[in-house]
Amino acid sequence: MKILLVTDLYPLFEGEAGIPLTIRDFALGFKTLGHEVFVFRPNFMFNTFLRKRETYKGGIYENDGIKIYNKNFILPFKKESVLKVYEKYILPLGKIPETVNMDNFDIILGHMPSGVMCADIIAKKYNIPMLLAVHSSDIKVMTDFKYAMFKERMISAYRRANCILPRSFWLKDKIRKIIPDLKRPVEIIYSGVPYQYTKKNEDKILNGSGRKFNPKKAKILTVASLIKRKNIKTLILAYRKLKKKHKGITLEIIGDGKLKQDFEILNIKYGLNIKMPGHLEKDKILEKMQEADIFVLPSKNETFGMAYMEALASGMVVCCSKNSGIDGIINDGENGYTLKPTARGVYDALNKILNLKPKQLLEISKNALVTSKMFSYENSVKNYLEKMELFKL
């Protein structure tokens with residue numbers, strides 16, 4: 001297939017700050033399986049400013065062999081402006097010699113609010129099949145009064161999509177509540193960790209050389225951007241209370257963000273000795289997951305959260321918030337725990353885990369690995385492609 005991916009959440013180059021790699025990883029998976037992929041990145045300048053992202057000039061970029069056309073929009077995606085960019089720079093043959101030679105696309109994929117609105121304009125004009133993802137950002141735009149000017153555009157786009165693709169089970173429920181009379185199919189596209197990583201950890205655990213759970217000395221870990229939505233303060237407050245009962249446990253918070261200093265002050269104020277190394281590279285994070293026992297991220301409105309999946313693939317006991325993140329994949333007491341995203345909710349979940357026997361924790365660890373295999377990166381790419389093949393007609 002010739003795929004046009006429309007989103008502002010795609011890195012123009014390796015290491016671009018503030019751009020998660022989930023959508024890029026899907027694109028690379030499609031390319032690896034023989035499909036042609038081209039990216040249209042529409043940046044609404046006001047939104048870029050609010051997110052404090054760096055602005056890059058318009059034009060063609062290339063990342064991992066995939067070409068990206070970056071366009072900075074001053075006004076929020078007027079139909080004429082979007083079609084002009086598409087017709088001048090993306091569609092016609094020969095206009096840009098560097099682009100893939102395609103006179104039209106088999107399918108358009110829209111991710112994030114900017115991608116949804118721009119993909120809808122292009123698909124409607126050229127009658128191209130369109131699949132639209134649902135992220136937590138899309139839900140916010142359709143429910144927050146600050147974005148009221150975009151709400152109807154978003155809902156209209158989803159009504160026209162061949163298929164709607166929520167990024168998690170709880171987002172599937174959200175989109176159906178926002179558009180209760182939705183007639184389009186709604187299918188989940190999840191993310192995953194490469195199977196090779198899970199297999200390596202599975203071999204260690206099954207042959208007995210891996211995890212040795214000791215609840216009295218449990219190592220608790222979280223990995224997140226230190227921003228309000230990640231809700232890390234509740235974890236710190238819960239940990240403070242837990243330490244009074246379970247003196248041998250430890251907590252490490254990996255990540256950086258504008259709340260880091262506030263958390264460091266709390267750490268000193270309460271004498272908690274929480275490790276806070278800041279930002280770490282992926283390889284180092286995975287090493288930390290091998291060493292720790294329990295992963296907790298009590299986020300609110302988490303789209304999916306790859307850190308959860310990496311923790312599952314590491315054989316950790318994983319805790320996520322109810323109705324957020326990977327709720328729907330986690331089954332309480334089987335492969336992890338869901339919790340209420342409050343200090344009390346985090347405390348209750350962790351206290352329950354810390355009172356389990358090592359044998360019980362090892363069983364949850366094994367089930368976590370099974371789960372990560374089911375939702376592996378390889379399977380997630382195939383799942384997405386199956387949706388495209390089924391609903392592009």
Side-chain angles (χ1 to χ4, degrees), residues 1-10 22-23 26-27 37-48 69 71-73 75-87 90-91 104-168 170-189 301 303-304 384 387-388 390-393:
M1 281 185 288
K2 295 177 179 179
I3 302 166
L4 177 62
L5 179 56
V6 187
T7 181
D8 65 348
L9 208 64
Y10 198 99
T22 302
I23 300 174
F26 275 129
V37 184
F38 191 82
V39 179
F40 174 26
R41 185 170 114 158
N43 286 315
F44 179 27
M45 294 299 293
F46 181 70
N47 195 36
T48 302
Y69 189 80
K71 173 62 179 176
N72 299 314
F73 288 89
L75 298 175
F77 315 124
K78 293 178 64 176
K79 177 181 176 181
E80 296 78 10
S81 301
V82 171
L83 290 177
K84 182 178 179 181
V85 170
Y86 181 74
E87 291 163 358
I90 299 173
L91 180 61
N104 219 322
F105 295 90
D106 295 310
I107 199 161
I108 295 179
L109 309 177
H111 278 260
M112 304 299 286
S114 62
V116 167
M117 288 185 279
C118 290
D120 184 46
I121 291 169
I122 296 166
K124 186 177 179 182
K125 166 75 173 179
Y126 289 94
N127 196 29
I128 302 171
M130 173 179 70
L131 275 62
L132 299 178
V134 183
H135 297 253
S136 58
S137 296
D138 303 299
I139 299 299
K140 185 173 184 179
V141 168
M142 289 186 287
T143 56
D144 192 326
F145 73 93
K146 294 195 297 292
Y147 303 99
M149 66 182 294
F150 298 119
K151 179 178 179 179
E152 288 307 316
R153 287 185 65 179
M154 294 285 291
I155 291 175
S156 294
Y158 283 119
R159 289 187 190 282
R160 279 193 287 268
N162 290 56
C163 183
I164 297 167
L165 305 172
R167 296 280 291 111
S168 64
W170 76 273
L171 284 171
K172 181 176 181 178
D173 292 336
K174 285 278 188 181
I175 193 70
R176 287 204 175 278
K177 286 177 182 176
I178 292 169
I179 316 175
D181 59 343
L182 193 61
K183 300 294 193 300
R184 301 301 189 183
V186 182
E187 300 281 339
I188 293 168
I189 50 165
N301 298 320
T303 291
F304 191 83
Y384 202 154
K387 303 296 186 288
M388 283 189 248
L390 183 61
F391 295 107
K392 74 177 182 178
L393 303 176

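Predicted model only: the values in this text are computed from it and were never measured. Numbers here simply count residues along the sequence, with the first being 1.
- Residues Arg167 and Thr22 form a side-chain contact, since some pair of their non-hydrogen atoms from C-beta on lies under 4.5 Å apart.
- Side-chain N or O atoms of Asn162 include none that pairs as donor or acceptor with a backbone N or O of Pro129 at under 3.5 Å.
- Of the inter-residue distances, the one linking Leu4 atom CG with Ile107 atom CD1 reads 10.5 Å to the nearest 0.5 angstrom.
- Counting only distance, with no hydrogens or angles, the side chain of Tyr158 and the backbone of Arg153 share no donor-acceptor pair below 3.5 Å.
- Evaluation of the side-chain contact (heavy atoms from CB on, under 4.5 Å) rule for Lys79 yields Leu83, Ile121 as partners, not counting sequence neighbours.
- The ring pair (Phe, Tyr, Trp, His ring centres under 6.0 Å) search around Phe77 returns Phe44, Phe73, not counting sequence neighbours.
- Here the straight-line distance linking atom CE of Met154 with atom CD1 of Ile178 works out to 9.0 Å at 0.5 Å rounding.
- Checked against side-chain contact (heavy atoms from CB on, under 4.5 Å), Arg159 has the following partners two or more places apart in sequence or in another chain: Ile155, Ile179, Asp181.
- Rounded to the nearest 0.5 angstrom, Leu9 CG and Met112 CE are separated by 5.0 Å.
- Closest of all the heavy-atom pairs between Val141 and Pro113 is CG2-CG, 3.6 Å.
- Looking only at side-chain heavy atoms (C-beta outward), Asn301 and Trp170 come within less than 4.5 Å of each other.
- Scanning all heavy atoms of the two residues, the minimum distance from Ala119 to Gly110 falls at CB-CA, 4.1 Å.
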**Report entry** Stepwise side chain to side chain contact (heavy atoms under 4.5 Å, CB included) check, Lys71 with Tyr86
**Finding:** CA-CA 10 Å; Lys71 173 62 179 176; Tyr86 181 74; over 6 Å; no
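- Between Ile164 and Leu182, some side-chain heavy-atom pair lies under the 4.5 Å cut-off.
- Atom-to-atom distance recorded for Ile175:CD1 and Ile139:CD1 is 4.5 Å, nearest 0.5 angstrom.
- Residues Asn43 and Ser114 have side chains not in contact (no heavy-atom distance under 4.5 Å, counting atoms from C-beta outward).
- For the pair Phe105/Ile122, no side-chain contact is recorded, criterion being any heavy-atom separation below 4.5 Å from C-beta on.
- Taking 4.5 Å as the limit, some side-chain heavy atom of Glu187 sits within range of a side-chain heavy atom of Phe391.
- Other residues, nucleotides and ligands contribute more than 12 heavy atoms inside 6.0 Å of the NZ atom of Lys387.
- In terms of heavy-atom proximity, Pro166 sits nearest to Val186 at CG-CG1, 3.4 Å.
- For Ala27, the side-chain contact (heavy atoms from CB on, under 4.5 Å) partners two or more places apart in sequence, or in a different chain, are Leu5, Tyr10, Val37, Ile66.
- For the residue pair Val82 and Cys118, the shortest heavy atom distance occurs at CG2-SG, 3.8 Å.
- Using a distance-only test at 3.5 Å, with no hydrogens or angles considered, no donor-acceptor pair links the side chain of Asp8 to the main chain of Arg41.
- Listed by chain and number, the residues in a side-chain contact (heavy atoms from CB on, under 4.5 Å) with Lys124 are Arg160 (sequence neighbours excluded).
- Remark: Thr7 pairs with no residue by the side-chain hydrogen bond (donor to acceptor under 3.5 Å, both in side chains) rule, at least two apart or across chains.
- Counting all heavy atoms, side chain and backbone alike, Met130 lies closest to Ala157 at CE-O, 3.7 Å.
- No donor-acceptor pair under 3.5 Å is formed between the side chain of Asp120 and the backbone N or O of Met117.
- Between the side chain of Arg184 and the backbone N or O of Ala161, at least one donor-acceptor pair lies under 3.5 Å.
- By the 30° and 60° cut-offs, the orientation of the rings of Tyr384 relative to Phe26 is perpendicular.
- Distance check: Leu171 CG to Arg176 CZ gives 13.0 Å after rounding to the nearest 0.5 Å.
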